[in-house]
J.: 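Attaching a single structure in structure tokens format; questions to follow.
Quantities reported herein were computed from a predicted structural model and do not represent experimental measurements.
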Amino acid sequence: MKETIQNIKGTKDILPKESYLWLYIENYIHNHFSKFGYQEIRTPSFEKTDLFLRSIGQETDIVSKEMYSWIDQGNNKLTLRPELTASVVRSYIQHQMGKQNKLHKLYYLGSSYRRERPQKGRFRQFKQFGLEAFGSSLPEQDAEIIYMAYSLYKSLQIKNLRLKINSIGNRNSRKQYKIELQKYFTKFKNELTEASQKRLKINPLRILDTKVDFEVELVKNAPKIIDYLDLDDQKHLESVLYFLKDMNVPYILDPYLVRGLDYYSRTVFEIQTNTLGAQSALCGGGRYDYLVKDLGGQDTPAIGFAAGLERLIMALDMDIGNKNPDIYIVSIGDSALSYSFNLANSLREKDLIVLTETIGRSLKSQMKDANRLNASHVIIIGDDEIKSQMASVKNMTTGHQEDVSLSKIIDYF
RNA sequence: GUGGCUGUAGCUCAGUUGGUUAGAGCGAAGGAUUGUGGUUCCUUAGGCCGUGGGUUCGAUUCCCAUCAGCCACCCCA
């Protein structure tokens, strides 16, 4: 027996049953972001590996073990993008957008790739959408971005939304905080889990995310980043919170919220819901004031967020089906068949959904098919109809049927 | 990468304490109704019981491995 080829682990076919919902949501996202004056950017699915090494951070799991990387025939080190911010920043720098005007507001919607073990809400190819605002260091920009994310989910009626927000300060305060955190947890080093002992060396901020009971207790008494923020960072955070409150966006100030990627500074936030299993995050983002410069651009403040489309769709309580056909043309015989093709084409010019027969079924089967597809009308054309120049038009809901002259049938609909 | 659970028809699932031809519902195809759908009735098709190996006279059933799916850990959208 020939071996059949299957899709790759962690990837998924989106069949027509679901694809209508996907299309609807994608359009919804385009529309939502456009309302705020953000414009779409599309970047390639793969980039030079260096881009991700320099932006995401060498110590992160994404870079150290989850990237789909390869060397091509020209000896270039390439990688399928594991996220889109790096690509957007690369493009921003490359096209000198900062010189065109001071503020650039971009959104994106595209696939990302990470070689992780799949589970609920996590795939190896997944669609991310998100946005980036370049040029403003002001808290009102943070507030706008957070509002855009929150209102998207809110307007789609996602239940049990939790917006968590925190500030991780500037580079200096973060560095100082890291050292203090390391000091604190080192005192309990022998009690920590193996995982946390590793985190202690590599990224002590991660310990704050622990789910182990006794570590959660330790975290409660750990130093808080808020206490290490400098005056400007504090003011910035306060202003962001003020704007959110003013726009009626409920938030939870979570001093233990940290984000995985290296490039964040100051504001970080996450929107969660409880329908996604262990993957509670719908989206995550924050300010990254150093990244543009780190990647070789001008010193440019920026903030953005990334969200998972699969997770959004999973959290949705919505059923969008295919549009039902307006007309199903049942034809019997060769001359009727070619007549039906031309009739269908004319009707389609009126933006109607019109189906014709292409598999030589009996009248009865065609009627069954029309019924199954929920067509609202059926036009029946056979040799008799061609001779008499009259076709039968049946309303499938009422069952009512009448004869309509072929010359007037287009105006009938 | 680690762990747990699950793989039987297109779908949802039964079943075989190891023993001739593995079942149901839904769906599909055809018919009752030779040119009229939905309801009803009848008929039919569709299965290497995930794959490979082992034990056995005999394995879909027991054992091992493997692959896939789901879920969790790690990490993350």
Side-chain angles (χ1 to χ4, degrees), chain A residues 1-4 6-12 15 17 56-57 59-66 81-85 108-130 149 153 193-196 198-199 202-203 206 209-212 258-261 269-273 276-285 304-315 328 330-333 336 359 361-385 391-401:
Chain A
M1 189 178 78
K2 268 186 192 165
E3 202 177 307
T4 56
Q6 295 196 319
N7 64 311
I8 292 166
K9 188 190 191 93
T11 66
K12 203 180 147 189
L15 305 179
K17 194 172 189 281
I56 295 170
E59 305 296 347
T60 60
D61 277 23
I62 295 178
V63 167
S64 62
K65 55 187 194 197
E66 293 172 1
R81 60 186 178 199
E83 56 121 45
L84 279 96
T85 296
Y108 58 80
L109 175 58
S111 295
S112 302
Y113 311 84
R114 293 181 199 172
R115 200 184 181 288
E116 300 180 273
R117 191 79 163 258
Q119 69 184 77
K120 193 177 177 81
R122 169 185 293 168
F123 309 91
R124 289 187 172 181
Q125 174 178 322
F126 58 105
K127 219 158 182 182
Q128 272 196 326
F129 63 94
Y153 295 114
T193 56
E194 202 179 320
S196 286
K198 253 183 217 164
R199 294 176 186 139
I202 298 166
N203 190 353
R206 291 248 64 96
D209 273 346
T210 187
K211 285 163 192 164
V212 185
V258 289
R259 307 246 74 246
L261 312 183
F269 69 97
E270 191 166 305
I271 295 175
Q272 307 178 337
T273 182
L276 300 173
Q279 262 57 45
S280 52
L282 281 166
C283 82
F305 74 82
L309 190 54
E310 287 82 357
R311 291 185 185 182
L312 166 57
I313 283 173
M314 245 188 281
Y328 191 112
V330 169
S331 57
I332 313 122
I359 192 170
R361 280 176 289 206
S362 67
L363 169 89
K364 187 186 169 118
S365 297
Q366 292 183 60
M367 290 300 292
K368 268 191 174 176
D369 198 37
N371 182 61
R372 177 181 31 235
L373 296 169
N374 253 313
S376 45
H377 288 84
V378 165
I379 300 175
I380 300 163
I381 301 175
D383 292 340
D384 297 349
E385 281 80 2
S392 303
V393 177
K394 184 165 189 173
N395 180 319
M396 294 295 275
T397 335
T398 63
H400 175 75
Q401 185 167 326

J.: Ignoring backbone atoms, establish whether A:Ser365 has a side-chain N or O less than 4.0 Å from OP1 or OP2 of B:G30.
T.: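 So the side-chain polar atoms of A:Ser365 do come within 4.0 Å of the phosphate oxygens OP1 or OP2 of B:G30, strictly under.
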
J.: In Å, rounded to the nearest 0.5 Å, how long is the span from OG of A:Ser112 to CZ of A:Arg114?
T.: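 Separation between the atoms: 6.5 Å.
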
J.: Can you tell me how far C1' of B:C76 sits from CD of A:Glu270, to the nearest Å?
T.: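 That distance rounds to 9 Å.
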
J.: Can you measure A:Glu116 atom CD to B:C71 atom C1' for me and round it to whole angstrom units?
T.: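 Checked: the CD to C1' distance equals 15 Å.
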
J.: Measure from the side-chain heavy atoms of A:Arg206 and tell me the nearest of B:C75, B:C73, B:U36.
T.: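 Nearest listed nucleotide: B:C75.
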
J.: Provide the distance between the two P atoms, one in B:G50 and one in B:A59, to the nearest whole Å.
T.: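 Nearest-Å result for B:G50 against B:A59 at atom P: 15 Å.
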
J.: Within the structure provided, determine whether A:Ile56 and A:Thr85 are in side-chain contact (heavy-atom separation under 4.5 Å).
T.: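 A side-chain contact under 4.5 Å is absent here.
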
J.: With sugar-phosphate meaning primed atoms plus P, OP1 and OP2, does A:Ala278 contact a base, only sugar-phosphate, or nothing at under 4.0 Å between heavy atoms?
T.: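 Sugar-phosphate: the residue A:Ala278, judged by heavy atoms under 4.0 Å, touches backbone atoms but no base.
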
J.: State whether A:Lys394 places a side-chain N or O below 4.0 Å from either non-bridging phosphate oxygen (OP1 or OP2) of B:U36.
T.: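 Checking B:U36 against A:Lys394, no side-chain N or O comes under 4.0 Å of OP1 or OP2.
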
J.: Choosing from B:G1, B:G35, B:C76, which nucleotide comes nearest the side chain of A:Glu385?
T.: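 Per side-chain heavy atoms of A:Glu385, the pick is B:G35.
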
J.: Ignoring backbone atoms, establish whether A:Arg361 has a side-chain N or O less than 4.0 Å from OP1 or OP2 of B:G35.
T.: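 Checking B:G35 against A:Arg361, no side-chain N or O comes under 4.0 Å of OP1 or OP2.
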
J.: For B:G3, give its Watson-Crick or G-U wobble partner with both distances under 3.5 Å, or none.
T.: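 Paired with B:C71.
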
J.: Could you give the CZ-to-P distance, from A:Phe269 to B:A77, as a whole number of Å?
T.: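 Computing the A:Phe269:CZ to B:A77:P distance gives 11 Å.
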
J.: Specify the separation, in whole Å, of atom CG of A:Asn7 and atom C1' of B:A68.
T.: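 After rounding, the gap between these two atoms is 10 Å.
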
J.: What's the CD-P distance between A:Gln279 and B:A77, to the nearest Å?
T.: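 The distance from CD of A:Gln279 to P of B:A77 comes to 11 Å, rounded to the nearest Å.
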
J.: Could you please name the partner base of B:A22, counting Watson-Crick and G-U wobble pairs only when both distances are under 3.5 Å?
T.: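 Pairing partner: none.
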
J.: Expressed as a whole number of Å, how far does the C1' atom of B:A22 sit from that of B:C13?
T.: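 Here B:A22 and B:C13 have their C1' atoms 14 Å from each other.
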
J.: Between B:G38, B:G35, B:C71, which nucleotide has the shortest distance from any of its atoms to the side chain of A:Lys120?
T.: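 Of the candidates, B:C71 comes closest.
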
J.: Work out how far the C1' atom of B:C41 is from that of B:G4, and round it to whole angstrom.
T.: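 The answer is 49 Å between these two C1' atoms.
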
J.: Please give, in whole Å, the distance from B:G4 C1' to A:Arg117 CZ?
T.: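 About 11 Å, once rounded to whole Å.
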
J.: Taking pairing as Watson-Crick or G-U wobble with both contacts under 3.5 Å, can you name the mate of B:A28, or confirm there isn't one?
T.: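 B:U44 is the nucleotide pairing with B:A28.
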
J.: Closest approach to the side chain of A:Asp61, judged atom by atom: which nucleotide of B:C74, B:C70, B:U36 is it?
T.: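 For A:Asp61, the side-chain atoms sit closest to B:C74.
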
J.: Do the side chains of A:Gln279 and A:Met314 get nearer than 4.5 Å, heavy atoms only?
T.: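 Not touching, per the 4.5 Å side-chain cut-off.
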
J.: Side-chain contact test, heavy atoms from C-beta onward, threshold under 4.5 Å: evaluate it for A:Phe126 versus A:Arg311 and give yes or no.
T.: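 SC-SC contact between A:Phe126 and A:Arg311 ruled out.
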
J.: Taking the side chain of A:Arg115 as its heavy atoms from C-beta onward, which of B:C75, B:G69, B:G1 lies nearest to it?
T.: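 Of the options given, the side chain of A:Arg115 lies nearest B:G1.
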
J.: Does the B:U36 base have a donor-acceptor partner in the side chain of A:Gln401 within less than 3.5 Å?
T.: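 Such a pair exists between side chain and base.
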
J.: By the 4.0 Å heavy-atom rule, please label A:Phe123 as base, sugar-phosphate, or nothing.
T.: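 The residue A:Phe123 makes base contact.
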
J.: Which nucleotide sits closest to the side chain of A:Arg122: B:C75, B:A29, B:C70?
T.: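 That would be B:C75.
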
J.: Mind checking if A:Asp384 touches a base, just sugar-phosphate, or nothing, with heavy atoms under 4.0 Å?
T.: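 If one applies the 4.0 Å heavy-atom cut-off, A:Asp384 turns out to touch a base.
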
J.: Expressed in angstrom and rounded to an integer, what is the separation of A:Gln119 atom CD from B:G4 atom P?
T.: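 Nearest whole value for this atom pair: 16 Å.
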
J.: If I pick the P atom on B:C62 and the same atom on B:U17, what distance separates them, to the nearest angstrom?
T.: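 About 11 Å, rounded to a whole number of Å.
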
J.: Of the nucleotides B:C70, B:G35, B:C76, which has the atom closest to the A:Pro118 side chain?
T.: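 Ranking B:C70, B:G35, B:C76 by closest atom to the A:Pro118 side chain puts B:C70 first.
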
J.: Can you tell which of B:G35, B:G38, B:C71 lies closest to the side chain of A:Asn371?
T.: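 Among the listed nucleotides, the one closest to the side chain of A:Asn371 is B:G38.
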
J.: Can you tell me the pairing partner of B:U16 across any strand shown, Watson-Crick or G-U wobble, with both distances under 3.5 angstrom?
T.: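 Here B:U16 is not engaged in any pair, so there is no nucleotide opposite it.
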
J.: Look at the side chain of A:Arg199 against the base of B:C75 and say whether a donor-acceptor pair falls under 3.5 Å; ignore hydrogens and angles.
T.: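 Answer no: no donor N or O sits under 3.5 Å from an acceptor.
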
J.: Could you tell me the Watson-Crick or G-U partner of B:G38, where both distances fall under 3.5 Å? Say none if there is no partner.
T.: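 When the pairing criteria are applied, nothing turns out to pair with B:G38, so the answer is none.
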
J.: If only side-chain N and O atoms count, and only distance matters, is there a donor-acceptor pair under 3.5 Å linking A:Gln128 with A:Glu83?
T.: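 No pair is found: no donor N or O on one side chain lies under 3.5 Å from an acceptor on the other.
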
J.: Which value, rounded to the nearest 0.5 Å, describes the distance between A:Gln125 atom CD and A:Ile8 atom CD1?
T.: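 Rounded to the nearest 0.5 Å, the CD-CD1 separation comes to 9.0 Å.
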
J.: Take atom NZ of A:Lys364 and atom C1' of B:U39, then tell me their distance rounded to the nearest Å.
T.: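 Whole-Å distance recorded here is 12 Å.
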
J.: Is B:C62 paired to anything, Watson-Crick or G-U wobble with both distances less than 3.5 Å, and if yes, which nucleotide?
T.: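 Paired with B:G54.
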
J.: Over all strands shown, is A:Thr397 touching base, sugar-phosphate only, or nothing at heavy-atom distances under 4.0 angstrom?
T.: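 Contact class for A:Thr397: base.
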
J.: Classify the ring geometry of A:Tyr153 against A:Phe129: parallel below 30°, tilted from 30° to 60°, perpendicular beyond 60°.
T.: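 Plane angle between 30° and 60°, so tilted.
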
J.: Working to the nearest 0.5 Å, report the span between NZ of A:Lys12 and CG of A:Leu15.
T.: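 Atom-to-atom, A:Lys12:NZ and A:Leu15:CG are 9.0 Å apart.
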
